[in-house]
Structure formats: structure tokens, C-alpha cells
Amino acid sequence: MSASEKKHPFHLVDPSAWPLLGAFAAMTMMVGGVLFMHNNPLGKIIGPLGLVGVLAVMFVWWRDVVKEAHVDKAHNQTVRHGLRLGMALFILSEVMFFAVFFWGFFKAALFPQILLNGATHIFENDSIVRGTWPPEGIKPLDPWHIPFINTLILLLSGTTVTWAHYALYEGKRRDMVTGLLLTVLLGMTFTGLQAYEYMSADFKFTGGIYPSVFYMATGFHGAHVLIGSIFLTICLFRASKGHFNQNHHLGLEFAAWYWHFVDVVWLFLFSCVYIWGA
């Protein structure tokens with residue numbers, strides 16, 4: 001049935017191999033990461049291969065979505081409404097994802113003795129198991145050094161992506177591109193500073209409950225910043241090619257939503273993990 005013969009306003013996508021290939025690539029990356037954390041040399045090979053596969057699938061999948069919107073003209077008002085609802089539900093699932101890490105952090109911080117009783121054998125250093133938070137032997141990072149700078153960076157990036165979003169509505173293409181470029185640069189700066197922070201930390205991932213919840217919460221947030229930076233980079237290239245206008249700009253809109261979500265999560269991490277948790 002051709003597009004002109006459709007009796008409904010919805011877009012039925014063509015069969016695609018990208019979901020299956022993306023799943024295999026993500027699993028490969030995960031296995032490589034586990035092997036790397038267990039000091040298996042294969043992890044340094046399998047992990048990067050999985051990452052390359054994930055990035056390749058992201059590229060071709062987004063390419064097909066762009067084709068649907070600009071070549072096939074399939075993103076009508078009904079489809080756009082459904083896509084917005086899907087993105088909102090995805091961000092809600094991300095909220096619950098991070099809620100688990102905050103739950104683990106507060107349980108460990110508020111009830112350290114209850115959490116650690118009977119589990120001292122899992123720690124390399126028994127001196128840290130004393131029912132205090134942070135555990136003895138752990139020197140928390142100074143929240144007013146790199147974490148505070150990163151907070152300012154993310155807050156500034158939230159203003160630049162909003163500038164780009166509103167420049168689109170006003171038809172100011174150059175301002176939109178400039179705002180996106182600044183946001184991407186700020187996101188890359190955040191990632192670099194967080195990597196430096198990890199390298200300069202006095203505790204390792206295997207040092208007990210505090211490093212575990214710290215690196216899991218902040219590390220996954222850092223991964224989301226990296227993903228958001230890639231998302232915004234794609235939008236930057238598309239904006240420079242004139243793909244967005246006042247009526248069709250879902251890619252940029254969703255990137256802005258995602259970036260604001262990342263900003264809000266970091267504010268909670270900075271307040272709870274870095275300041276209160278120290």
C-alpha cells in the first residue's frame with residue numbers, strides 16, 4: 001500500500017537490522033568492560049570493538065530516521081506527537097535508573113553499620129568497616145574544586161543549548177549553530193575534567209562501598225554526558241546543513257530535553273554525593 005493509500009496517520013517503519021546489531025554491539029561492549037575490570041587483557045580489545053559497533057549502529061540508525069523525516073516526509077503531526085511521548089517516557093525511565101543509585105548511596109550513608117555487618121569479607125581493607133560515613137580510610141574529593149567547576153560548566157551548557165533552541169524558533173540559524181557548538185565544547189570539557197578527577201582520586205573502585213556507589217553514580221552520569229554530547233554533535237551537523245526549522249526540529253528538541261535532564265541529575269549528584277556525602 002502506498003503512502004497515498006494509507007488510511008491512518010501513523011508511520012510504519014520498514015524492517016531493520018539495526019536493533020539486533022545494536023544489541024549485539026552493546027553486549028560486546030559490556031563483556032569487554034567486565035573483562036577489563038577483571039584485568040583480563042581481552043577486555044582492552046573487546047570493549048573498544050563493542051564501542052565502535054555501538055557508534056556505527058547509532059550513525060546508520062539516526063541516518064534512517066533523518067531520511068524518514070526529510071526524504072520520506074513521514075513525520076507528520078501525529079507521528080511527532082508519538083515521538084515526543086516516547087522521548088518523555090524514555091527520560092522517565094532514566095529518572096528511575098538514577099533513582100536506584102541514589103537509593104544505594106543514601107542507604108549506605110545513613111545506615112552504614114546495618115549495610116556492612118556480615119559483609120566485611122568483601123573489602124580489601126577491613127579498617128574501613130566501622131559504621132561511619134565516609135568509611136574510615138576514605139578521603140572524599142573536595143566538592144569545591146573540580147566538581148564545582150563541572151557544575152558551573154553544566155549550568156552554562158544548559159543556557160547555551162536553550163539559546164540554540166530559541167534561536168531556532170526565531171529563525172536565527174547562525175545563533176543556533178553557535179549555541180550548539182558551545183554546548184558540545186562544554187560537554188567535552190566536563191568529560192575531560194571528570195576523567196582527570198577520577199585519575200587524581202585517592203580511592204579505587206574496589207576500595208569498598210563508598211567508591212562503588214560514587215563511581216557507579218557519577219560514572220553513569222558521565223556516560224550520559226558523553227552520549228548527550230554525541231547527540232548534540234549530530235544536531236550541530238544537521239543544523240549546519242539546514243535540517244531544522246520552526247516546524248520540524250524534533251532531533252534538536254529531544255537533544256535539549258536530554259541535556260537538561262543530565263544537568264538536573266548532576267545538581268543532585270553534586271548536592272548529595274559530593275557535598276552532603278563528604
A.B. asks: Are W144 and Y196 linked, directly or through other ILVMFWY residues, by side chains that come within less than 4.5 angstrom of each other?
C.D. replies: yes
A.B. asks: If you round to the nearest 0.5 Å, how far is CZ of F268 from CZ of F105?
C.D. replies: 13.5 Å
A.B. asks: Evaluate M58 against L55 for side-chain contact (heavy atoms from CB on, under 4.5 Å), listing each step before the verdict.
C.D. replies: CA-CA 5 Å; M58 289 170 60; L55 294 176; 4.1 Å; yes
A.B. asks: On a heavy-atom basis, which atom in H248 and which in H75 lie closest, and how many Å separate them?
C.D. replies: CE1-O, 3.9 Å
A.B. asks: Given side chains that start at C-beta, do those of W259 and L154 come closer than 4.5 Å, heavy atoms only?
C.D. replies: yes
A.B. asks: Please report the closest heavy-atom contact between S157 and D263, naming both atoms and the distance.
C.D. replies: OG-OD1, 3.9 Å
A.B. asks: Are F102 and V95 joined in one hydrophobic group, where the rule is that I, L, V, M, F, W and Y side chains link up if heavy atoms are under 4.5 Å apart?
C.D. replies: yes
A.B. asks: Go through V264 and H260 one step at a time and tell me if the side-chain contact (heavy atoms from CB on, under 4.5 Å) criterion holds.
C.D. replies: CA-CA 6 Å; V264 172; H260 289 311; 5.5 Å; no
A.B. asks: Drop me the distance from Q194's CD to I146's CD1, to the nearest 0.5 angstrom.
C.D. replies: 10.0 Å
A.B. asks: Establish whether I149 and L152 are linked, either directly or via other cluster members, by ILVMFWY side-chain heavy-atom contacts under 4.5 Å.
C.D. replies: yes
A.B. asks: I'd like a table of donor-acceptor pairs (distance under 3.5 Å, sequence neighbours excluded) in which one partner is a side-chain atom from residues 16-26, with atom names and distances.
C.D. replies:
{"from": "S16", "atom 1": "OG", "to": "W18", "atom 2": "N", "distance (Å)": "3.1"}
{"from": "W18", "atom 1": "NE1", "to": "D64", "atom 2": "OD2", "distance (Å)": "2.6"}

A.B. asks: What is the distance from atom OG1 of T178 to atom CG of L181, rounded to the nearest 0.5 Å?
C.D. replies: 7.0 Å
A.B. asks: Would you give the length of the straight line joining atom CG of L185 to atom CD1 of I153, rounded to the nearest 0.5 angstrom?
C.D. replies: 11.0 Å
A.B. asks: With a 3.5 Å cut-off and sequence neighbours excluded, list the donor-acceptor pairs that the side chains of residues 269-278 form with protein atoms.
C.D. replies:
{"from": "S271", "atom 1": "OG", "to": "L267", "atom 2": "O", "distance (Å)": "2.8"}
{"from": "Y274", "atom 1": "OH", "to": "E197", "atom 2": "OE1", "distance (Å)": "3.0"}

A.B. asks: Please report the C-alpha distance between T159 and L156 in whole Å, then the side-chain angles of each, then the deciding distance to 0.1 Å, and finally whether the side-chain contact (heavy atoms from CB on, under 4.5 Å) criterion is met.
C.D. replies: CA-CA 5 Å; T159 63; L156 180 58; 3.6 Å; yes
A.B. asks: Under 3.5 Å, side chain of H249 to main-chain N/O of N245, donor-acceptor pair present?
C.D. replies: yes
A.B. asks: Are any of the side-chain heavy atoms of F36 and K44 separated by less than 4.5 Å?
C.D. replies: yes
A.B. asks: Are side-chain heavy atoms of H243 and L252 found at a separation under 4.5 Å?
C.D. replies: no
A.B. asks: Using every non-hydrogen atom in the two residues, find where A239 and R173 come nearest and quote the distance to one decimal.
C.D. replies: O-NE, 3.4 Å
A.B. asks: Is there a donor-acceptor pair under 3.5 Å between the side chain of H221 and the backbone N or O of V262?
C.D. replies: yes
A.B. asks: Of the options T218, N150, T151, which is the one that meets W266 in a side chain to side chain donor-acceptor pair (under 3.5 Å)?
C.D. replies: T151
A.B. asks: At their closest point, which heavy atom of P135 faces which heavy atom of I209, and how far apart are they?
C.D. replies: CG-CG2, 4.3 Å
A.B. asks: Starting at NE2 of H165, measure out to OG1 of T160 and round the result to the nearest 0.5 Å.
C.D. replies: 13.5 Å
A.B. asks: Is any side-chain heavy atom of N76 closer than 4.5 Å to a side-chain heavy atom of V79?
C.D. replies: yes
A.B. asks: Can you find a pair of side-chain heavy atoms, one from E94 and one from H224, that are under 4.5 Å apart?
C.D. replies: yes
A.B. asks: Do the ring centers of F231 and W62 come within less than 6.0 Å of each other?
C.D. replies: yes
A.B. asks: Taking all non-hydrogen atoms of both residues, which atom of V177 and which atom of L236 are closest, and how far apart?
C.D. replies: O-CD1, 3.5 Å
A.B. asks: Once you measure the plane-to-plane angle for W257 and F254, does it fall in the parallel (<30°), tilted (30-60°) or perpendicular (>60°) bin?
C.D. replies: tilted
A.B. asks: Quick check for you: to the nearest 0.5 Å, what is the distance between L250 atom CG and M87 atom CE?
C.D. replies: 10.5 Å
A.B. asks: Indicate the atoms forming the closest heavy-atom contact of V161 with T183, along with that distance.
C.D. replies: N-OG1, 3.2 Å
A.B. asks: Using the ring of each side chain (for Trp, its six-membered ring), is F261 parallel, tilted or perpendicular to Y258, with breaks at 30° and 60°?
C.D. replies: tilted
A.B. asks: Say whether F237 and M188 are linked into one hydrophobic cluster, either directly or through other cluster members, by side-chain heavy-atom distances under 4.5 angstrom.
C.D. replies: no
A.B. asks: Do you reckon I91 sits in the same ILVMFWY cluster as I227, going by side-chain contacts under 4.5 Å, direct or chained?
C.D. replies: yes
A.B. asks: Other residues, nucleotides and ligands only: do more than 12 of their heavy atoms fall within 6.0 Å of CZ on F59?
C.D. replies: no
